[in-house]
Amino acid sequence: MKILFVASELFPYVKTGGLGDVMAALPRAMRAQGADVRMLLPAYPAILSAVEVQGSVLALPELMGGGPARILRAEAPGLPLYLLDQPAFFGRAGGPYDHPSDLARRFAALGWAAAHLGRQGDGEGWRPELLHGHDWPTGLMPAYVAYGEGPRPATVMTIHNIAFQGRFPAALLNELWLPRHAFTPEGVEFHGDIGYLKAGLRLADRLSTVSPTYAREIQQAGGHGLEGLLAHRSDSLRGILNGVDRSIWHPARDPHLVCRYDLKHPSRRGPNRPDFQRRMGLQEDPAAPLFAAVSRLDPLKGLDLVLDNVDHLVSRGAQLAVLGTGDPHAEGAFRQAAQRHPGRVAVHIGYSEPLAHQAYAAADVFLVPSRQEPCGLTQLYALAYGALPLVRRTGGLADTVVGVTPETLAAGTATGFTFETASGWALGEAINQALALFREPTAWRQVQRRGMATEFGWEGPARAYLDLYATIPTKGA
Ligand code: ADP
């Protein structure tokens with residue numbers, strides 16, 4: 001089957017979070033199972049300078065008033081690409097969601113280009129039978145398929161985070177090349193605006209999200225206004241857990257670590273800890289339980305609950321390292337916490353792939369106190385690297401971490417710590433539980449080993465997506 005993924009991020013070229021990681025791994029895992037998956041994404045400078053561009057395959061009209069546009073064929077290692085080359089929209093410096101003045105128009109251009117590829121093919125004999133869009137930047141793609149003419153490829157939308165929905169003023173309808181009759185609740189309209197994610201969820205043939213628990217939550221209180229629509233489309237919606245790309249996230253092969261290790265050589269994990277403490281400016285205290293978080297600083301990530309527990313952690317002899325960027329208020333609060341507790345609390349405001357890898361390899365406890373978490377990748381990396389995740393029981397965190405209880409310890413199934421209520425107090429209780437287990441090295445190592453042995457590969461998820469595609473009736477397109 002010919003499948004076109006459509007996305008706004010692809011690791012290692014453009015990544016703001018888990019979406020970039022998933023886009024790098026999932027299509028390759030599906031190709032390994034024989035599916036002909038290619039990907040369309042904007043021709044960002046970071047991609048153009050890194051991949052092998054083979055030439056222009058398709059001339060396009062001046063999409064959404066953004067000047068000359070065309071589609072290039074390119075090749076990332078193991079993944080054929082189409083790049084929407086429209087320099088006025090995508091050729092500028094900055095992150096993929098910067099430049100708000102044309103955010104709506106440039107991702108409409110991406111959706112339109114995807115639908116066009118689906119209808120016309122690439123001019124070289126490849127025409128996708130299925131278009132698979134990811135998150136709000138691709139939400140209009142199913143609308144351009146539904147309201148356009150000609151053959152209609154099947155469409156699938158995956159929600160990686162329902163909190164980001166892409167809502168724009170109705171006055172843009174014309175500029176986005178959408179017909180008037182698309183502006184209804186059955187189409188792109190969402191509370192008087194144009195809703196990109198909403199349009200995709202209303203119009204795509206099948207929907208998915210990135211964990212079974214999140215799939216349930218977004219049909220209930222956690223749908224950020226889309227719960228009604230999703231409950232209505234429940235039969236078309238699947239929750240498929242993300243996996244871990246072991247070619248990048250494996251402590252035995254990780255080029256960022258001073259000492260590589262695996263389940264057979266766990267003691268080699270040791271030197272990574274003083275190395276990380278030094279890099280972060282923490283005291284090289286071998287006895288202190290080291291807590292770490294690597295996260296966007298966003299209210300939904302719950303890092304304010306960690307702030308509530310800074311003094312508690314320090315008073316119990318622990319260290320805290322936070323690697324994050326985002327909300328300026330949270331950035332300031334973490335900086336202040338580090339100033340208050342020099343050598344015991346350290347924060348790196350910014351994005352650093354090497355430091356993130358080093359944090360997973362050094363931490364004893366990895367904090368993921370999210371209020372909502374579609375799947376979460378950091379707890380999976382923590383498990384793989386032998387840091388015990390301490391997570392709030394929500395979304396994919398609930399599906400991937402087995403909390404320590406007397407029963408799970410006895411059964412040997414525990415892999416971390418969990419708490420329910422999104423409060424500083426509840427996190428504090430879970431921290432106490434982690435500190436208590438830290439004093440029992442044998443039990444600690446058992447939990448650590450179980451986590452490191454848990455496989456979150458991409459083969460199962462890739463199969464599940466192919467199964468989902470197979471449920472779409474053929475349209476004879
Ligand atoms: P989300 O996509 O909501 O941000 P995920 O847990 O799915 O959350 O993915 C987060 C990804 O971003 C992980 O690969 C994590 O290591 C990475 N990450 C987050 N913040 C930073 C940071 N400050 N520096 C380096 N990597 C980060």
Side-chain angles (χ1 to χ4, degrees), residues 7-26 95-97 134-137 158-164 209-211 213-214 218 222 224 240-251 254 256-257 276 279-280 292-303 306 321-328 330-331 334-335 346-363 366-385 387 389-392 394-401 416 456 458 461:
S8 52
E9 300 187 25
L10 174 63
F11 177 85
Y13 318 112
V14 183
K15 163 175 165 179
T16 69
L19 175 65
D21 287 352
V22 174
M23 289 305 97
L26 175 59
Y97 315 113
H134 297 270
D135 271 352
W136 78 264
T158 294
I159 305 162
H160 297 262
N161 194 333
I162 203 161
F164 302 112
T209 189
V210 289
S211 71
T213 296
Y214 194 62
I218 58 178
H224 294 255
I240 303 174
L241 265 182
N242 286 333
V244 169
D245 186 344
R246 300 292 271 175
S247 69
I248 293 163
W249 296 99
H250 199 304
D254 192 324
H256 299 299
L257 308 187
F276 179 70
R279 288 176 195 272
M280 291 295 291
V294 176
S295 181
R296 288 184 295 112
L297 299 178
D298 173 297
L300 285 178
K301 291 288 186 187
L303 272 292
V306 175
V322 175
L323 177 52
T325 169
D327 171 34
E331 289 181 355
F334 275 112
R335 276 206 186 93
V347 41
H348 175 93
I349 300 296
Y351 195 93
S352 165
E353 202 71 36
L355 260 183
H357 285 246
Q358 288 146 9
Y360 297 114
F366 194 88
L367 298 166
V368 196
S370 308
R371 292 198 159 75
Q372 255 201 322
E373 192 60 75
C375 174
L377 291 172
T378 61
Q379 84 281 10
L380 302 183
Y381 302 153
L383 286 168
Y385 279 62
L390 190 170
V391 307
R392 193 169 157 259
T394 182
L397 300 172
D399 293 334
T400 55
V401 177
F456 289 100
W458 271 108

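All ligand and atom numbering here is 1-based and tracks the order in the structure. Small disclaimer: the values here were computed from a predicted structure and weren't measured. Throughout, numbering of the chain's residues begins at 1 and tracks the sequence.
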Worksheet item: Which bit of H348 is near ligand 1, meaning a heavy atom under 4.0 Å away: side chain, backbone, both or neither?
Response: neither

Worksheet item: Closest non-hydrogen protein atom to atom 4 (O) of ligand 1, residue and atom name please, with distance?
Response: R296 NE, 2.8 Å

Worksheet, complete the sentence: Of all protein heavy atoms, the one nearest atom 5 (P) of ligand 1 is L377 N, 3.7 Å

Response to the item:
Heavy-atom nearest pair, P374 first then S211, reads O-OG, 2.6 Å

Discussion item. Looking at ligand 1, would K15 count as a contact under a 4.0 Å heavy-atom criterion?
Written reply: yes

Worksheet item: Tell me, which protein residue and heavy-atom name are nearest atom 17 (C) of ligand 1, and how many Å apart are they?
Response: Y351 OH, 3.7 Å

Worksheet item: Can you list the atoms of ligand 1 that are under 4.0 Å from a heavy atom of A356?
Response: 25 (C), 26 (N)

Worksheet item: Should the ring pair Y97 and W136 be called parallel, tilted or perpendicular, given that the plane angle runs from 0 to 90° and is split at 30 and 60?
Response: tilted

Worksheet entry | Top protein contact for atom 23 (N) of ligand 1, by heavy-atom distance | G350 O, 2.9 Å

Worksheet item: Can an N or O of E353 be found at a distance shorter than 3.5 Å from an N or O of ligand 1?
Response: no

Fill in: Under 4.0 Å to a heavy atom of S295 - the qualifying atoms of ligand 1, by number
20 (N)

Fill in: Selected option - heavy-atom contact closest to atom 7 (O) of ligand 1, from C375, G18, G20
G18

Worksheet item: Got the closest protein heavy atom to atom 8 (O) of ligand 1, with its distance?
Response: K301 NZ, 3.0 Å

Worksheet item: Can you tell me the protein heavy atom closest to atom 25 (C) of ligand 1 and the distance?
Response: S352 O, 3.3 Å

Worksheet item: Just by modelled atom types, is the D135 backbone N or O under 3.5 Å from a matching donor or acceptor in the N161 side chain?
Response: no

Worksheet item: Please state which protein non-hydrogen atom is closest to atom 16 (O) of ligand 1 and give its distance, to 0.1 Å?
Response: Y360 OH, 2.8 Å

Item to complete: Check ligand 1 against Y381 and write out every atom of the ligand that is under 4.0 Å from a heavy-atom position of the residue.
Response: 13 (C), 14 (O)

Worksheet item: What's the shortest heavy-atom distance between S352 and L323, and which atoms?
Response: O-CD2, 4.1 Å

Worksheet item: After noting the C-alpha distance and the side-chain angles of R371 and T394, does the key distance pass the side chain to side chain contact (heavy atoms under 4.5 Å, CB included) rule?
Response: CA-CA 7 Å; R371 292 198 159 75; T394 182; over 6 Å; no

Worksheet entry | Atoms of ligand 1 close to G324 [distance to a heavy atom under 4.0 angstrom, numbered from 1] | 23 (N)

Worksheet item: Minimum heavy-atom separation for T378 to V294, with atom names?
Response: CG2-O, 3.6 Å

Discussion item. In terms of relative ring orientation, are Y381 and Y360 parallel, tilted or perpendicular, with 30° and 60° separating the classes?
Written reply: perpendicular

Worksheet item: Quick one: does ligand 1 sit under 4.0 Å from the side chain of D21, the backbone, both or neither, non-hydrogen atoms only?
Response: side chain

Worksheet item: Where do S8 and L19 land on the side chain to side chain contact (heavy atoms under 4.5 Å, CB included) test, with the steps shown first?
Response: CA-CA 9 Å; S8 52; L19 175 65; 3.9 Å; yes

Worksheet entry | N242 to L380 - nearest heavy-atom pair and separation | O-CD1, 4.0 Å

Practice prompt. Check whether any side-chain N or O of E9 sits under 3.5 Å from a backbone N or O of T16 as a donor-acceptor pair, and report yes or no.
Written response: yes

